Each structure stands twice: as C-alpha cells, then as structure tokens.
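Read the structure below first, then the notes.
Note on naming: letters A, B, ... go to the chains in the order of the sequence lines (proteins, then strands), and numbering restarts at 1 for each one. Note that the structure is a prediction, hence the values are computed from the model and not measured.
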Amino acid sequence: MSAPIRVRFAPSPTGYLHIGGARTALYNWLLARQQGGTFVLRMEDTDEERNTDAARQTIFRGLDWLGLTPDEGPEQGGPHGPYSQSERMPVYLEWAERLKESGALYPCFATREELAELRARQEAEKAPVFGYDGRYRDLDPAEARRRIAAGEEHTWRLRVPRGETVVLKDLIRGDVAVSSDDIEDIILLRANGTPVYNLAVVIDDHDMAITHVIRGEDHLTNTFKQLIIYRALGWDEPTFAHLPLILGPSGEGKLSKRKHPEAALELYQQKGYPVEAVVNWLAMIGWSLDDKTEIMSREELVRSFGLDRVSAAGARLPMDKLDWLSGEYIRAMSLEEVEAGFRPFLVEAGRLSADPNDAERLRLRRIAAAEKDRVRRFGEIVERTDWVFAAELDFEPKALANLGKAEAASVLEGYLGEVLPKTDVEDPAAMEADARSWAEGRGLGFGKFVHPVRAALTGRTAGPGLFDCVAILGREESARRLAAGLERARGASAGGA
RNA sequence: GGCCCCGUCGUCUAGUCAGGUCCAGGACACCAGGUUUUCAUCCUGGUAACAGGGGUUCAAAUCCCCUCGGGGUCACCA
C-alpha cells in the first residue's frame, strides 16, 4: 500500500545485550524481513560515562549470533547515518536552535540543588504531582536574556502545552490518553549544552525515516514527551507499538542483570542453546501464532509474525520451555550439526583438540550419536562426558553395588575374554547382538549382564546405551576398564563371602 | 504518592475487539502408566486457571463499574 517500513533497534551500550532487547530486535527484524523493509541499528550512546566500546561490540556480536544483522547501522553504514548518537550532536543542536527560535524552548535557571530540594519537599508533602513546577516558564524574556548574557548556568526546557490531551495510538495497547498537565516541562538541553535522550530519539527517528517504533513498554511514558516534541518540531509521528515487558523468571520486577543472570543474552550462547531455539523461544514470549503451534523456524516466523497478535501483558521468562525447545531442536539436527554444537565445549574443557585428529573425530562422532537424544543444550556435554575422560572412575554407590553382585565377576570376565575381542566396536547394534547371544548362551538375563558391565565401564548407573559407551571408549580402553572392574568384583565377592 | 499499562492452569499462552459452539483448548513443568539394558527419547493418561464483587443480557472468560493484585514511569540516564 505504501513505502516499505523502516524499523529500528536502539540500545544503549551499557554492558550487555538484554534478553528483552534481543526480543525487541527480533520483532523489529521479523517485520522488516516480512515486509521487505529496513532494519536499522542505532546506538544510543550519548552518555559518555557509561558507554564502552566493549559494550558496543557485545551488542553487535549478540545480534550477529541471533542472525539479526542490521541493514543499516554503525557497522554497515547507510544513507541516514551516522548511526551512533555520539556522532550526531551537531544535528541535535541544530534542531534545538530552531526550537529556541520558535519559542518552544525557554531557559530555566533552576540549579540541580534547587530541583533536588523541590523534589524532596514534594515527597515530604506527599504532593499529588512530582516534578518541575514551571518556575521559570514565564520569566520575562528580557530578564532571561540578561541572565544568560551574564553567564548564568541554565538548561532549556520545552514549553509543554497546558490543558491538552495527548493521545498515543499504540498498535498493541490501542489509544492511550494522557493529560499534558501530567507532563512537566522537560529539559531538552542540559546546562552543558548537550541534548537529552528524548530529543535525540525524536530527531533520529525522523531523520532515519523510521515508520514504526517498536520498543519495550518501559518507554511508554517517554512516548508522550516525544509526541509533544514531534509537534513542536512540526513533524508527523511514526507508528508506535509498545511491547510487554519480560519479567524475572520467578516474578517480581523487570529483568535486571544484577538480579537475573538470564537477562544477558550471552548466557544462552555460553550454555550452548542452539540459536534457532533461542530465536523460536524469544518470539513466543509475548506472541503466538495460534492455540497450538510451538515450534517455528525463522522462515515461518518471518512469514507469520504480526504485531496484532502480540500480547499486552508482561511475561516471566519461561526457562523450562527453553530447555524443552532446545532439546527438540537438537534432536531434529543432523549428527554433524550436533557434533559442531558439542565441539567448542569439549575443546574448551580440554577434551578435544582445536584441530582434532582422526581418532578424536571418531570419538566426537560417537559421543554425538550417543548423546543427541539425551542432551537439552550443548553445554551439558562436558559433565555428561566426565566418565569418558576420567583417568580414574569415580563410582556411584549403586554402580559399585552392581559390581558386588554375585554374577558380576563372571559376567565381566566373560565379556572381557570371550566377547569384546571379536565384537565390532564400530557398531553398537552388532555389539548388542553379540552380547545378547553370549548372555543367552549362559542362561543370563540381559539385565544381569548389562548392569555390571555399565558399572565397570562408566562407574554410573545411567547414561547412553551401553554399547554406545563401548564404542565411545574403543576396544582397548573398554578392556582396561573391564579388567579393573573385574578386579573390584572379585575383591567384593571374596571380601563379602 | 501522581500518571499509565496489565490481570485465563505453577509457567508460556488460545479464546476477549465482532457475548452463545468454553462445565475454557494447547504447550512446558509436575504426577501415574507403557516401551527401553539404565537414563533420555517416544507413547498413553492425570492434576491444574477465567483475581474478587457488582451490574447489563435469555446468555459473560468475553461488555460496563468498583475493588484487589502485579508492572512501568515520574533524572541536567538512556
């Protein structure tokens, strides 16, 4: 119907990529891809004190990981740059100047101390309204000029109209109306002459031709201020959509990094959740396709996503659901993909060379085959393979008990001596057939066979299929462990009998 | 405290705009059973919610009002 949409994600680089921010970025990106629009990344880095280059990088790399690479942004450039607010100061100042000329702004000589005092008194008196009381709003212009000329410190405030109703047409919340009397005369230029966030945002969204501002609900009250700035500047406002907030997993408050480690996107990468699972999960927090669809690929999301089905209510982070989804994604992967997922974790744990040799590759393949159905995130593979790489097995009590059973010694001895040497350790199914026929020949139940062998090989009672374990260890190491287990079993029966 | 947003199973949600097909559906989690050499997967079944109170209506999870609860925001931060 009209020009393609232009959306943006505008984080401030203060340390990490917030999971809620990641979702905001995803929703924006989804819409841009779906409608052939443009996804812009803009750094809101006007606060020099708090911003670091490391934090910028964290945001860039986080978006890369999620596959939400901007069409325009600090790294990729574009026709509406620069895309970092720190580089756009002249632009803001220019518009601020026009606002001064038009009389929309007035100088305010209230000092920080004065304002703090005012606020303290308002709180003490339980005043109905907090905030600036407009004490310099009607200062005589000549007097103002005189004080400025005298070098008196001052900020510039926006003369917010009185007695008007400001209506925000929000795609998710519908029409939200607020009285302009509830909005104080906001500072647009600080005493040091720098512009304030709300001014910068309006100018940027306008200059960058943003058509839809999709952001967290925490910006809802800012929007009314911004609406007034749009009016003062004589610009048309974009369409707004305020997303419900993501709350901490156990309820109270929005996610903060201090209280909730899961607020940081990096955590998910570190724990080894497949990206596509994270994307799927994020999309479903606050949005749903219908009453049953849970698993959706990125392509399906691009096709079906829509703001009209975004919920207005805040949501807790459903961590259990991520674990489940992640497991589903891993199970749907090819063996090669699972290997690739495990690889960095095993390398980091020192269990795999960065450039693995053939034997290592083979072992990785076998581990992947054995654990693919069991693991819910790739990072689990480290502790799950402790038994494989342990120089000395750390036996669980139950496993030890299994080695102490009456038939344990003869089973181990038989498997070690008669079966293992000629069974095909490359082929778990074949090994199982061999073992079964051997056990049957002895009139042994398969369970009686399996338990002591598993105990000797892994020191545990639970884990991958027994013959996957043999395959992972290889013939030689399996034999060594079986022999060691046999010794224990004999010791146990000798001591016990 | 002012202003604003929100309120369906423990959790994520469908249903609310266009009232009946909803003694409320799905998923995760949980519990029970089955398959399996263990675990996991897989299969079957189960527990579990319309925040409360008033209206309107033949009929309300759906519309209106009040209460309660949760959240956001009130910086010369962004």
Side-chain angles (χ1 to χ4, degrees), chain A residues 10-14 44-47 49-51 85 108 110-112 115-116 119 122-123 125-131 153-157 168 170 172-174 176-179 181-184 186-192 194 196-198 200-201 216-224 242 244-245 247 249-254 281 284-295 309 311-325 327 331 371-376 398 402 432 435-436 439 445-451 453-454 458 460-467:
Chain A
S12 41
T14 53
E44 313 232 307
D45 57 352
T46 53
D47 186 347
E49 309 259 308
R50 294 202 296 161
N51 299 316
Q85 291 189 328
C108 171
T111 62
R112 289 172 198 265
L115 259 14
R119 197 195 155 77
Q122 286 168 336
E123 278 182 40
E125 290 171 0
K126 294 199 192 267
V129 177
F130 291 174
E153 272 219 339
H154 62 283
T155 59
W156 287 86
R157 289 186 185 264
L168 161 65
D170 190 280
I172 294 170
R173 273 146 235 288
V176 183
V178 151
S179 163
D181 294 347
D182 290 323
I183 303 170
E184 66 174 24
I186 45 183
I187 293 176
L188 256 34
L189 288 176
R190 302 184 183 102
N192 66 8
T194 60
V196 116
Y197 164 81
N198 278 311
V201 168
E217 194 191 347
D218 49 342
H219 285 286
L220 197 63
T221 49
N222 274 325
T223 306
F224 295 99
H242 288 91
L245 257 20
L247 281 10
S250 44
E252 286 67 42
K254 63 174 177 178
W281 177 63
M284 295 297 182
I285 303 174
W287 176 83
S288 65
L289 175 65
D290 53 30
D291 59 344
K292 51 176 88 64
T293 310
E294 304 281 344
I295 298 181
R309 291 195 59 86
S311 156
R316 301 177 183 194
L317 262 195
M319 299 306 295
D320 281 345
K321 212 143 192 176
L322 173 61
D323 284 333
W324 167 74
L325 254 180
R331 267 170 256 130
E371 292 286 3
K372 185 179 172 212
D373 282 354
R374 270 160 256 268
V375 127
R376 310 196 103 191
K398 273 192 171 178
N402 284 339
E432 177 170 349
R436 277 188 190 275
F446 199 52
K448 298 250 183 207
F449 167 84
V450 163
H451 296 307
V453 176
R454 174 183 298 281
T458 70
R460 304 191 173 195
T461 55
L466 181 57
F467 303 100

Summarise how protein sits on nucleotides 17-23 of chain B as a single string, 5' to 3': B when a protein heavy atom is under 4.0 Å from the base, S for sugar-phosphate-only contact, - for no contact.
-> -------
Not counting sequence neighbours, which residues clear salt bridge (Lys or Arg N to Asp or Glu O under 4.0 Å) with A:K372? List them please.
-> none
For A:R119, the side chain to side chain donor-acceptor pair (under 3.5 Å) test, sequence neighbours excluded, returns A:E123
Which residues satisfy the salt bridge (Lys or Arg N to Asp or Glu O under 4.0 Å) test with A:E184, sequence neighbours excluded?
-> none
Looking only at side-chain atoms of A:D182, point me to the closest of B:C4, B:C3, B:C6.
-> B:C3
Sequence neighbours excluded, the answer for salt bridge (Lys or Arg N to Asp or Glu O under 4.0 Å) partners of A:D218 is A:K254
Using ring-ring contact (aromatic ring centres under 6.0 Å, His included) as the criterion, list what pairs up with A:W156, not counting sequence neighbours.
-> A:H154
Residue list, salt bridge (Lys or Arg N to Asp or Glu O under 4.0 Å) with A:R331, at least two apart or on another chain | A:E328
Within the sub-3.5 Å range, which N or O atoms of nucleotides 24-26 of chain B have a protein N or O partner, and how far apart are they?
residue: B:G25; atom: N2; partner: A:D291; partner atom: O; Å: 3.3
residue: B:G26; atom: N2; partner: A:E294; partner atom: OE2; Å: 3.3

Partners of A:N198 by side chain to side chain donor-acceptor pair (under 3.5 Å), sequence neighbours excluded?
-> A:N222, A:Q226
Filtered N/O pairs between nucleotides 41-51 of chain B and protein, under 3.5 Å:
residue: B:C42; atom: OP1; partner: A:E328; partner atom: OE2; Å: 3.4

For A:E217, check side chain to side chain donor-acceptor pair (under 3.5 Å) against everything at least two apart and list the hits.
-> none
Can you sort out the partners of A:E371 under side chain to side chain donor-acceptor pair (under 3.5 Å), two or more places apart, ordered by chain and number?
-> A:R384
